[in-house]
Student: 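Right, I'll just put the structure down here and ask away after.
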Amino acid sequence: MGRRPFKCYRQIKDKPYPKSRYCRGVPDPKIRIYDAGAKKTGVDVFPHCVHLVSWEKENISSESLEAARIAANKYMVTKAGKESFHLRVRVHPYHVLRINKMLSCAGADRLQTGMRGAFGKPYGLCARVSIGKILMSIRCRDAHAHLAEEALRRAKFKFPGRQKVVASRNWGFTPFTREEYLHLKKSGRLLNEGIHVQLLNAHGSLEKRKPEHVFEGKSRHYHTVAV
C-alpha cells in the first residue's frame with residue numbers, strides 16, 4: 001500500500017494532536033537535521049538574512065521539510081561553499097497524522113468494519129503553520145545574498161501552497177536592525193553569545209554586574225507612530 005497524497009492532510013482541522021503517553025507508536029519525522037552549513041560561525045560574520053515565509057494556513061509534512069532543506073543546502077554548498085552560510089529550519093513537525101487503513105483485497109468486506117471505530121492509527125508527522133510563519137532562514141555575507149534568495153526559491157517547490165522569499169532588515173538571526181545592531185555594539189550594550197547576542201539593559205542588581213556592563217539610560221528607544 002502506497003502513501004496517501006498530502007492533499008488529504010493539507011488543511012488544518014481540529015486541535016493539535018502531539019505525541020504523548022496516550023498517543024503511542026508515532027513514526028519518527030523524516031527531518032532530523034534543522035541546522036546546516038557553518039552553524040557555529042559568529043554573529044558578526046553573517047550580517048545578511050533571508051527568510052522563506054508561509055503565505056497560507058496549512059499543514060506541512062516532515063517529508064517536504066526534509067526535501068526543502070536538502071534542496072536549499074545543496075544549492076548553497078555548490079554555489080557559495082559550505083562555510084559561507086548558515087541555514088536553519090524554523091518549524092518542527094509535532095502534529096501527528098492518522099490513517100484508518102482499509103483492506104482492498106478479495107474478501108475484505110468480511111474483515112473491515114467500515115466507519116465503526118474510524119479514529120485511525122498514527123501515520124506521519126507534520127508542522128502546523130499560519131500566514132506569516134517563517135519556515136526557513138539563511139544567514140550569510142552580503143556578497144551571497146542573491147544565492148540565498150535563489151536557494152529558498154528552489155526550496156519553495158517542495159511545499160504546497162504559497163510562500164514568499166523575504167530579505168530581512170535585521171542583522172543575521174538577531175532581533176535588531178542593522179543600524180540598531182551597529183549602534184548597540186559600538187556602545188558596548190551587546191554580549192556576544194556565538195550566533196546570537198544578548199542585550200545588556202539597565203535592569204537588575206549592580207552588585208552582580210561587571211563595571212563595563214553598567215549603563216545609564218535606556219538600551220533601546222521605541223518610536224511610536226501617531227494614528
Side-chain angles (χ1 to χ4, degrees), residues 1-40 43 46 49-76 85-102 115 117-139 148 151-166 168 170 172-175 193-196 198:
M1 180 179 175
R3 290 183 56 83
R4 276 185 183 174
F6 200 71
K7 64 183 179 182
C8 304
Y9 298 104
R10 180 177 158 186
Q11 184 180 0
I12 291 182
K13 296 185 292 186
D14 304 325
K15 299 177 181 178
Y17 187 58
K19 180 179 178 180
S20 67
R21 56 179 175 169
Y22 309 108
C23 174
R24 299 181 298 274
V26 178
D28 291 332
K30 284 292 184 293
I31 181 167
R32 307 298 291 178
I33 300 171
Y34 293 87
D35 286 88
K39 53 191 176 183
K40 293 186 179 179
V43 67
F46 295 147
C49 183
V50 185
H51 301 304
L52 181 62
V53 183
S54 172
W55 224 242
E56 283 194 25
K57 182 182 179 182
E58 60 182 352
N59 288 327
I60 291 182
S61 67
S62 62
E63 289 83 2
S64 62
L65 286 171
E66 174 69 0
R69 182 193 67 83
I70 291 173
N73 182 60
K74 182 73 173 178
Y75 184 83
M76 289 299 294
F85 72 98
H86 175 198
L87 180 146
R88 172 171 286 177
V89 180
R90 303 280 295 272
V91 292
H92 289 241
Y94 289 132
H95 182 66
V96 178
L97 303 173
R98 299 188 299 266
I99 184 171
N100 182 26
K101 286 187 178 178
M102 306 287 279
M115 289 302 292
F119 188 73
K121 296 288 188 293
Y123 172 66
L125 288 164
C126 73
R128 293 159 64 101
V129 302
S130 56
I131 296 173
K133 178 67 177 177
I134 298 175
L135 304 178
M136 301 170 68
S137 298
I138 297 178
R139 65 185 181 109
L152 292 184
R153 189 194 70 84
R154 295 183 175 214
K156 279 202 314 184
F157 298 116
K158 308 300 180 184
F159 296 124
R162 293 171 295 171
Q163 293 82 32
K164 289 192 177 183
V165 178
V166 179
S168 175
N170 292 353
F173 289 164
T174 68
E193 294 192 339
I195 66 172
H196 290 285
Q198 181 182 344

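Note that this is a predicted model, so its numbers are computed, not measured.
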Student: Any sub-3.5 Å donor-acceptor pair from Glu63's side-chain atoms to Ile60's backbone N or O?
Tutor: no
Student: Taking salt bridge (Lys or Arg N to Asp or Glu O under 4.0 Å) as the test, write out the residues that go with Arg10, two or more places apart.
Tutor: Glu56, Glu58
Student: Please say which of Ser61, Ser64, Ser54 ends up in a side chain to side chain contact (heavy atoms under 4.5 Å, CB included) with Phe159.
Tutor: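 Single side chain to side chain contact (heavy atoms under 4.5 Å, CB included) partner of Phe159 among Ser61, Ser64, Ser54: Ser64.
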Student: To check you understand the geometry: which heavy-atom pair defines the closest contact between Asp35 and Lys39, and what is its length?
Tutor: CB-CD, 3.9 Å
Student: Which residues satisfy the side-chain hydrogen bond (donor to acceptor under 3.5 Å, both in side chains) test with His51, sequence neighbours excluded?
Tutor: Ser137
Student: Report the residues that fulfil salt bridge (Lys or Arg N to Asp or Glu O under 4.0 Å) with Arg153, sequence neighbours left out, ordered by chain and then residue number.
Tutor: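 With sequence neighbours excluded, Arg153 shows a salt bridge (Lys or Arg N to Asp or Glu O under 4.0 Å) to Glu150, given in chain and number order.
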Student: Check whether NZ of the Lys or CZ of the Arg Arg139 lies under 6.0 Å from the centre of the six-membered ring of Phe46 and within 45 degrees of that ring's axis.
Tutor: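 Verdict for Phe46: no cation-pi partner in Arg139.
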Student: Show me the side-chain donor-acceptor pairs of residues 117-130 shorter than 3.5 Å, one per line, residues at least two apart or across chains.
Tutor:
unit_1: Tyr123; atom_1: OH; unit_2: Arg4; atom_2: N; d: 2.8
unit_1: Arg128; atom_1: NH2; unit_2: Asp14; atom_2: O; d: 3.3

Student: Just wondering, more than 12 heavy atoms not from Lys30 lying within 6.0 Å of its NZ?
Tutor: no
Student: Determine all donor-acceptor pairs shorter than 3.5 Å in which one atom belongs to a side chain in residues 19-29; sequence neighbours excluded.
Tutor:
unit_1: Ser20; atom_1: OG; unit_2: Tyr22; atom_2: N; d: 3.2
unit_1: Ser20; atom_1: OG; unit_2: Cys23; atom_2: N; d: 3.2
unit_1: Arg24; atom_1: NH1; unit_2: Arg21; atom_2: O; d: 2.6

Student: So, for Ala151 and Ile138, which heavy atoms are closest and what is the spacing to 0.1 Å?
Tutor: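 Looking at all heavy atoms of both residues, the shortest contact is CB-CD1, 4.2 Å.
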Student: Return the orientation label for the His92 and Tyr94 ring planes: parallel under 30°, perpendicular over 60°, tilted otherwise.
Tutor: parallel
Student: Return each pair, listed once, that meets side-chain hydrogen bond (donor to acceptor under 3.5 Å, both in side chains) where at least one residue sits in residues 66-75; pairs must be two or more places apart or across chains.
Tutor: Glu66-Arg69
